[in-house]
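If you read the sequence from its start, that first residue is 1, and numbering goes on from there.
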Amino acid sequence: MLHGGTRPPGAAERADEREEEPMEQQDRLVEAVTELAPELSRRAGEIEAARDIPGDLLDALRAAGCFRMFVPRSHGGYEADLRTGLRVLETLARADGSTGWTVMIGSETPHLLAMLPRERFDKVYADGPDVVVAGGFAPQGRAELADGGFQVTGRWAYASGSRHADLIFGNCVLTGDGEPLPGPSGAPPELRSMLFPAGRVTVHDTWHALGLRGTGSHDIEVSDEFCAASDSFDLFTGTPCVPGPGFVAPLVHFVLHLGAVAVGIAQGALDDMVAMLDGGRQRLYARQSLADSPAFRIQLGRAELDVRAARTLLRELADDLWAACATDPAAVAGLHPRVSAALPWVTERAMAAVDTCYRAAGGGASRDGAPLQRRFRDIHTFSQHAAAAEGWLGNNGARLLGRPVELAY
């Protein structure tokens, strides 16, 4: 049974949806999200204060199809293409950064579950497509070999959406007799993610952060819990059990998803700035309104083009990645350097645009409850994500120089 909202549609309803053409479903998804966006914007302060998405909004997001958009059509989902996913995530983050982030995490559920055995994947989705997984990517747990599975102990940080998740995973170092099991040929210790029903995981209320406060990115913990081998998966190098371009190199898709959230936050700040200027705002001691200031117009024009350029880059990379996943999966590796380098660049441009709006808005933007203050805090919190680290830009430089591409940090 799903947590925190409406039960998923029954088999008959899912069959009706499968009769629709894929593009019809995806268009309906985009339309539903667009219609929901004003309500999310209106309640952004409430979301932040709650440090989570309120239950009725989760129900609305679920009903819109947000958590099933990447689920295979064979399992009641929309199997949306990457471009559509970016559009949905940007629209949500433009309305509220925390909502965009939370839906991003929840919508990536099928990519993670596809690393399970196919029989287990089918069972998880047997009752409907709106399953939500949360968890920790960093290997902050230990999984001791046991009969039929593993005994797992660990505590993981930054488990966004953990309060409303149905299933929770934690990435672990595999151990035998308490010692890490070495990888093949002297490689680092072997890692594997362990999946649990949410009721078997403790969620610690730890998410007190500068921004993205509504994501509920709390710590999660299990202590000596058994995980069956069929509920474990290789997060980073696993082979998906379902076909389709959306399940080739899912972690590369995730990088572009993150970029869409960053662009959405920045576009939201531009929206807030333009709305503020409609009132003829004038800075203290200024001789003319901000809207009439040539200097500010230059800054605003540059910021808008920064956001537009970031969006265009993400869409171009999404098209290249989707085409490779659909027709030549071996070519995906060649896209890694550009995709990994794109996120820190997109984050830089989004942050610059938000900063321009925040500085220009004056002292009022610094007050609690001011939309631009929230955008400012959200994008600066976003920029601390490991995948947005500046070092990833070196991957693209290495590619250009014909040098080996390595992790940047």
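- With values rounded to the nearest 0.5 angstrom, S193 atom OG is found 4.5 Å from L235 atom CG.
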Exercise for the section: Output, in order, the C-alpha distance, side-chain angles, deciding distance and verdict of side-chain contact (heavy atoms from CB on, under 4.5 Å) for V88 and L29. Expected result: CA-CA 8 Å; V88 167; L29 167 65; 3.9 Å; yes
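- Taking the ring centroids of Y358 and H380, they lie at or beyond the 6.0 Å cut-off.
- Put simply, the residue from L61, L36, L57 that forms a side chain to side chain contact (heavy atoms under 4.5 Å, CB included) with T99 is L61.
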Practice task
Check the pair D319 / R315 against salt bridge (Lys or Arg N to Asp or Glu O under 4.0 Å), numbers first and verdict last.
Solution key: CA-CA 6 Å; D319 290 345; R315 290 178 176 178; over 6 Å; no
Practice task
Give the intermediate values and the outcome of salt bridge (Lys or Arg N to Asp or Glu O under 4.0 Å) for residues E79 and R68.
Solution key: CA-CA 8 Å; E79 204 167 333; R68 71 180 69 174; over 6 Å; no
Exercise for the section: Could you walk me through whether E90 and R87 pass salt bridge (Lys or Arg N to Asp or Glu O under 4.0 Å), step by step? Expected result: CA-CA 5 Å; E90 181 186 338; R87 185 176 176 187; over 6 Å; no
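- Atom CG of L86 sits about 10.0 Å away from atom CG of L317, to the nearest 0.5 Å.
- A donor atom on one side chain and an acceptor atom on the other are found under 3.5 Å apart for Q25 and R73.
- For N395 and S340, the side-chain atoms include at least one donor-acceptor pair closer than 3.5 Å.
- A distance of 6.0 Å separates CG in D177 from CD in E144, rounded to the nearest 0.5 Å.
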Exercise for the section: Check the pair R43 / D96 against salt bridge (Lys or Arg N to Asp or Glu O under 4.0 Å), numbers first and verdict last. Expected result: CA-CA 9 Å; R43 297 177 63 182; D96 173 62; over 6 Å; no
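- Between H111 and F247, the two ring planes are tilted [angle within 30° to 60°].
- Checked against a 6.0 Å centroid threshold, the rings of F169 and F137 count as neighbours.
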